[in-house]
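A short worksheet on the structure shown next.
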Protein chains: 2
Amino acid sequence: MNPPPTAKRVSRLSDEITLQLERWITEQQLSSGTQLPTEKVLCERFGVSRAVIREAISRLKADGCVTTRQGSGAFVAARPGQGSFRLVRGLEHSPPILSDEMSDIFELRYLVETGAAERAALRRTAKDLDRMRDVLGRMQDALAAQADAVGDDDAFHVAIAAATHNSQIERFQAFMGGQFSDSRAPTWSSDGHRSGRAREAQAEHVRIFEAISRGNAGAARRAAEAHLVSAARRLGLDPLRWGGDKTESTR
Amino acid sequence: MNPPPTAKRVSRLSDEITLQLERWITEQQLSSGTQLPTEKVLCERFGVSRAVIREAISRLKADGCVTTRQGSGAFVAARPGQGSFRLVRGLEHSPPILSDEMSDIFELRYLVETGAAERAALRRTAKDLDRMRDVLGRMQDALAAQADAVGDDDAFHVAIAAATHNSQIERFQAFMGGQFSDSRAPTWSSDGHRSGRAREAQAEHVRIFEAISRGNAGAARRAAEAHLVSAARRLGLDPLRWGGDKTESTR
DNA sequence: TCCGAAATGTTGTCAGACAACAGTTTTGAG
DNA sequence: CTCAAAACTGTTGTCTGACAACATTTCGGA
């Protein structure tokens with residue numbers, strides 16, 4: 001039983017089928033509620049066992065693309081893509097994120113995070129400030145010890161988002177932060193310490209914290225804007241096109 | 001017709017196991033990279049067959065919680081929750097979205113969408129404007145015919161996001177829009193037409209479009225802000241706490 | 001000691017079967 | 001003939017067993 005030379009055996013068979021199924025659904029422009037082929041039919045069409053088909057459908061279910069009803073069949077969900085949002089397209093698109101893509105993601109983060117800082121300044125409690133102070137202190141220690149503080153950097157931004165008391169914003173910030181963990185590494189690397197990138201980032205953090213602590217929403221937003229623009233520059237991105245604040249009219 | 005309110009819906013063993021596994025991982029605070037028990041062990045622990053366990057793990061994989069390596073085992077992913085972002089927690093949390101939750105989601109949407117409108121005004125092309133005009137025209141027709149235009153309403157907001165030429169923002173807007181399809185129904189219902197909600201919404205849409213068309217970023221943002229605040233009011237939410245615009249110093 | 005091959009363990013895939021459920025058709029009582 | 005119950009068919013959900021592909025460990029020989 002030699003499988004057709006379609007697959008190069010580079011990865012899991014179920015991954016391949018998942019991708020093909022997803023593509024097939026979107027290409028066919030299947031409207032919500034349409035029933036898709038039975039598992040048996042799909043088995044024959046793709047030439048795989050039912051386990052693989054079920055695995056693929058299971059993932060689409062988790063993605064929110066399809067729903068299944070026992071005894072009835074599988075159907076396209078209300079909105080394809082509803083239920084969850086993923087930044088990087090595809091299933092295993094990990095290694096190379098293009099600079100344009102990264103820039104786009106960063107801009108989305110910019111929109112949310114600046115607004116979050118603004119709102120955090122208005123709603124933060126003493127507890128929120130304590131949490132931020134803690135993380136800030138840990139980063140200060142790391143700065144003195146020239147150590148790595150990527151995790152704390154992430155935690156600081158999440159702490160800001162948490163101070164909005166909007167759990168959705170907090171979760172989104174945590175989600176976005178996770179995507180940027182790798183990107184923050186250069187700032188806290190030994191080279192980052194030497195070149196002053198770490199100190200620079202920390203100074204920006206302090207400025208955001210102080211604005212939020214004072215309850216000055218406008219200042220908090222501007223400090224967050226400045227920090228994100230600097231962070232983008234440290235990553236080699238071009239934040240000019242974001243032009244949300246100062247460079248607005250010049251275009 | 002449609003019998004969804006099956007309250008006794010205890011079935012779907014795999015759903016139960018998925019939930020328990022997810023809960024177990026988060027509760028144990030398993031750090032990234034930790035290996036979780038083998039499928040065989042999990043089978044015995046939960047008293048189910050391997051198929052169910054595999055189904056559950058498959059979903060967690062789709063969620064980005066865990067990764068698997070053939071011949072090695074399953075491991076907690078780099079960041080739990082990385083890979084995809086879902087607004088409503090849980091797998092089958094569809095029917096009742098609490099008002100607070102809804103309000104939080106709406107605020108997140110507010111942050112992204114107002115920024116998107118601002119940027120759309122700066123970057124829109126003639127083609128973008130054509131697309132928006134098309135959708136706007138369809139909504140105008142629906143208004144005259146007292147018809148439903150929820151889909152077009154959604155499409156209009158996506159068209160704005162598309163005009164930013166930032167694919168991540170566009171995709172996020174499409175994602176968020178899908179979550180609100182149901183919520184927009186009252187506006188375009190027969191009652192919505194009668195009470196003037198539809199006409200009101202349409203007027204706000206036109207105002208946003210004109211600002212974007214003129215390339216006036218500030219006006220576009222303010223128009224989007226006004227529209228979202230009105231939309232929230234139409235949904236019975238309280239947009240006061242967002243306080244992003246009027247209470248702001250930079251105006 | 002060092003290296004390679006065998007042994008063991010784990011996930012991935014296959015195959016078949018039955019259970020639970022939904023929809024349709026047939027049957028039987030009135 | 002009417003209509004409801006029963007039988008039938010088709011689909012997804014779950015179980016079981018087996019083997020393949022891959023990773024890690026163990027162990028024996030040079």
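Only a predicted model underlies this, so the values are computations on that prediction, with no experimental measurement involved. Throughout, protein chains are lettered first and strands after them, A, B, ... in sequence-line order, and every chain is numbered starting at 1.
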### Task
Return each pair, listed once, that meets side chain to side chain donor-acceptor pair (under 3.5 Å) where at least one residue sits in residues 40-52 of chain A; pairs must be two or more places apart or across chains.
A/E39-A/R50

### Contacts of type side-chain hydrogen bond (donor to acceptor under 3.5 Å, both in side chains), residue B/Q70, not counting sequence neighbours
none

#### Entry: Residue pair B/H165 / B/D128, side-chain donor-acceptor N/O under 3.5 Å
yes

[N] [atom2] sits how many Å from [X] [atom1], rounded?
X	N	atom1	atom2	value
A/R69	C/dA22	CZ	C1'	9 Å
A/E44	C/dC14	CD	C1'	15 Å
A/D15	C/dT11	CG	P	16 Å
B/E16	D/dG13	CD	P	16 Å

### Message
So, using side chain to side chain contact (heavy atoms under 4.5 Å, CB included) as the criterion, who are the partners of A/Q146 when residues are at least two apart?
### Response
A/H193

Protein-nucleic acid N or O pairs under 3.5 Å, nucleotides 8-11 of chain D:
residue, atom, partner, partner atom, Å
D/dG10, N2, A/G71, O, 2.9
D/dT11, O2, A/G71, N, 3.4

### Query
Can you list every ring pair (Phe, Tyr, Trp, His ring centres under 6.0 Å) pair that touches residues 143-164 of chain B, not counting sequence neighbours?
B/F156-B/H205, B/H157-B/H205, B/H157-B/H227

### Query
Counting distance only, does the side-chain N/O of B/S72 pair as donor-acceptor with the main-chain N or O of B/R69 below 3.5 Å?
no

### Partners passing salt bridge (charged side-chain N to carboxylate O under 4.0 Å, His left out) against B/E55 (at least two apart in sequence or in another chain)
A/R54, A/K61, B/R59

#### Entry: A/T68 side-chain N/O to D/dG13 phosphate OP1/OP2 under 4.0 Å
yes

#### Entry: Proximity to DNA chain C (any heavy atom under 4.0 Å), residues of residues 49-57 of chain A only
A/S49, A/R50, A/A51, A/V52

Donor-acceptor pairs under 3.5 angstrom involving side-chain atoms of residues 135-143 of chain A: please list them, not counting sequence neighbours.
residue, atom, partner, partner atom, Å
A/R138, NE, A/D152, OD1, 2.9
A/R138, NH2, A/D152, OD1, 3.3
A/Q140, OE1, A/Q202, NE2, 2.9

